[in-house]
Amino acid sequence: KPSWKDYVNGDGTLVVRLRRALYGCKQSGKLWFDKLSKTLCDLDYVANPVDRCVFNKMIGDKQCTVAIHVDDLYMTHISKETLKSEVKTIGRKFSGYKEQDDNTIEHLGMNITRKHDCGYVVDMIGFTHKALSMWSEPNTRSGINPAVTDLFNEYDSSPELSASRKEEFHSMVARLLFMSIRTRPDIHVVVSYLMTRATIANVNDWYKLVQLMTYLKCSPDYGIGFRAGGPLKLEVYCDASYACHAGATSRTGVIIMMAGGVVAVRSSKQKLVTQSSTEAELVAINEGATMALAHIQFLRLQGLDPGVVKIH
């Protein structure tokens with residue numbers, strides 16, 4: 001029987017062929033999704049064509065929905081007994097699983113809480129407090145606004161941050177981006193801009209982050225509320241800030257709301273130079289309408305009627 005050393009390359013490496021997926025390999029995520037989706041399909045679940053990580057199954061005349069994020073499954077059904085049965089059925093296909101079925105569920109850093117009035121609140125309070133505890137700059141003042149008035153001014157003459165501060169800047173802004181697109185749309189404009197400065201941050205950018213962190217310290221418990229039992233009422237809000245960036249480019253802002261809460265937010269620099277504020281707003285409406293169409297198609301394939309969608 002040959003020994004391992006017979007197969008060692010000249011540079012000391014050894015190439016092997018895996019018989020099973022190994023965590024960390026590029027193909028492992030795809031192999032896991034293939035296995036999980038096949039398991040759900042074998043149990044008569046059907047993937048939503050707009051989002052292949054959402055599966056649906058009709059049980060009687062009611063729909064059971066499974067949303068996948070890696071190996072976390074978020075499941076909904078009108079009947080708690082039916083839901084428990086489906087969880088056990090899926091769980092038996094794997095070596096083990098943990099289950100949450102309380103009024104508050106932790107999912108991807110979010111707390112999803114069912115309120116007594118049958119509404120829901122989604123927040124990331126724990127995530128926010130952890131981010132604040134990691135912040136090195138002392139917050140000694142109050143902040144009622146996440147942005148400074150000159151947010152989009154780049155001040156290239158400002159001194160560059162030290163390597164350690166630049167690393168902290170990049171790390172913190174990335175954390176805040178994760179939070180802003182889920183439960184804190186109120187900070188998304190600032191965070192999305194600061195992300196564009198992450199690798200070239202200067203002292204002025206640091207002061208902008210200080211202002212944002214000060215605001216978060218004063219509002220760590222904010223979240224998004226959704227009403228239950230009423231119409232979905234999908235609404236889209238678009239606006240543009242004309243020629244606010246260097247080079248005279250404008251900025252688009254889009255918020256999509258459903259059931260009274262924000263479900264999508266976007267703030268980005270426009271890719272072309274417009275000749276008027278009217279033209280900048282037309283560009284913003286085009287971006288907002290594109291986002292709205294994706295949401296409408298997704299909801300319809302979920303068997304839901306978004307109704308007449310207005311773009312404000």
For atom CD1 of I78, decide whether the heavy atoms of other residues, nucleotides or ligands shown that lie under 6.0 angstrom number more than 12.
no
Which pair of heavy atoms, one from D205 and one from L194, lies closest together, and at what distance?
O-CD2, 4.2 Å
Which pairs pass salt bridge (charged side-chain N to carboxylate O under 4.0 Å, His left out) with one or both residues in residues 56-82, sequence neighbours excluded?
K57-E86
Applying a strict under-4.5 Å side-chain criterion to I, L, V, M, F, W and Y, I'd like to know whether M134 and L177 cluster together.
yes
Give a yes or no on whether the backbone of V50 and the side-chain of N48 come within a donor-acceptor separation of less than 3.5 Å.
yes
Side chain to side chain contact (heavy atoms under 4.5 Å, CB included), that's the test. Do V190 and K208 meet it? Break it down for me.
CA-CA 8 Å; V190 183; K208 294 173 183 178; 5.6 Å; no
L282, I311: one ILVMFWY side-chain cluster at the under-4.5 Å cut-off?
no
If the plane angle is over 60° it's perpendicular, under 30° parallel, otherwise tilted; pick one for W206 and F169.
tilted
Audit row: E235, V309, side chain to side chain contact (heavy atoms under 4.5 Å, CB included) steps and yes/no
CA-CA 6 Å; E235 293 186 281; V309 178; over 6 Å; no
Can you see which heavy atom on A131 is nearest to which on M213, and at what distance?
O-CE, 4.1 Å
For the residue pair I256 and L234, establish whether any side-chain heavy-atom pair is separated by less than 4.5 Å.
yes
Check: V265 and S180 side chains under 4.5 Å, non-hydrogen atoms:
no
Where at least one partner belongs to residues 38-53, residue pairs that pass salt bridge (charged side-chain N to carboxylate O under 4.0 Å, His left out), sequence neighbours excluded
K38-D42
Is it true that atom CD of E167 has more than 12 heavy atoms of other residues, nucleotides or ligands lying nearer than 6.0 Å?
no
To the closest 0.5 Å, what do you measure between CG (N56) and CD (Q302)?
4.0 Å
Can you find a side-chain donor-acceptor pair between T13 and D11 that sits under 3.5 Å?
yes
Rounded to the nearest 0.5 Å, what separation is found between the CG atom of L108 and the NE2 atom of H69?
4.5 Å
Out of curiosity, E137 CD to M172 CE, how far, rounded to the nearest 0.5 Å?
11.5 Å
Partner of F298 under side-chain contact (heavy atoms from CB on, under 4.5 Å), chosen from L304, V54, L293:
V54
Step by step, work out the side chain to side chain contact (heavy atoms under 4.5 Å, CB included) result for F226 and V263.
CA-CA 10 Å; F226 297 91; V263 295; 3.8 Å; yes
Going by heavy atoms in the side chains, are E281 and C238 under 4.5 Å from each other?
no
Between SG of C244 and CG of D150, what distance do you get to the nearest 0.5 Å?
12.5 Å
Please tell me if the side chains of V203 and Y155 come closer than 4.5 Å, counting only heavy atoms from C-beta onward.
no
Between Y215 and Y222, how do the two ring planes meet: parallel, tilted or perpendicular, split at 30° and 60°?
perpendicular
Minimum heavy-atom distance between D101 and K84, given as atom pair plus value:
OD2-NZ, 2.5 Å
Inspect the contact between K88 and E99 and indicate whether a charged nitrogen and a carboxylate oxygen are less than 4.0 angstrom apart.
no
Please check this pair: side chain of H188 against backbone of R184, looking for a donor-acceptor N/O pair closer than 3.5 Å.
no
Side chains of I90 and Y45: does their closest heavy-atom pair fall under 4.5 Å?
yes
Does the side chain of R165 pick up a donor-acceptor pair with the side chain of S136 at under 3.5 Å?
no
Do Q270 and T252 have a side chain donor and acceptor closer than 3.5 Å?
yes
Give a yes or no on whether F152 and V283 share a hydrophobic cluster (residues Ile, Leu, Val, Met, Phe, Trp, Tyr; joining criterion: side-chain heavy atoms under 4.5 Å apart).
no
Drop me the distance from I224's CD1 to T183's OG1, to the nearest 0.5 angstrom.
6.0 Å
To the closest 0.5 Å, what do you measure between CE (M110) and OG1 (T104)?
13.5 Å
Strictly distance-based, threshold 3.5 Å: is any side-chain N or O of R197 a donor or acceptor partner for the main-chain N or O of Y193?
no
Kindly work out whether a path of hydrophobic side-chain contacts (I/L/V/M/F/W/Y, heavy atoms less than 4.5 Å apart) joins F55 to L299.
no
With side chain to side chain contact (heavy atoms under 4.5 Å, CB included) as the test, would you mind laying out the steps for C25 and L18 before giving the verdict?
CA-CA 10 Å; C25 293; L18 299 175; 4.0 Å; yes
Tell me whether Y97 shares a hydrophobic cluster with M75, the cluster being built from Ile, Leu, Val, Met, Phe, Trp, Tyr side chains joined at under 4.5 Å.
yes
With the side chain counted from C-beta on, respond yes when T76 and L83 share a heavy-atom pair under 4.5 Å apart, and no when they do not.
no
Any side-chain heavy atom of L176 sitting closer than 4.5 Å to one from L209?
yes
I'd like to know if the side chain of S250 reaches the main chain of A280, judged simply by a donor and an acceptor atom lying under 3.5 Å from each other, with no hydrogens or angles considered.
no
Backbone N or O of N145 within a donor-acceptor pair of the Q211 side chain at under 3.5 Å?
yes
How close do F33 and C53 get, counting heavy atoms only, and between which atoms?
CE1-SG, 4.1 Å
Are D186 and P146 close enough that some pair of their side-chain heavy atoms sits under 4.5 Å apart?
no
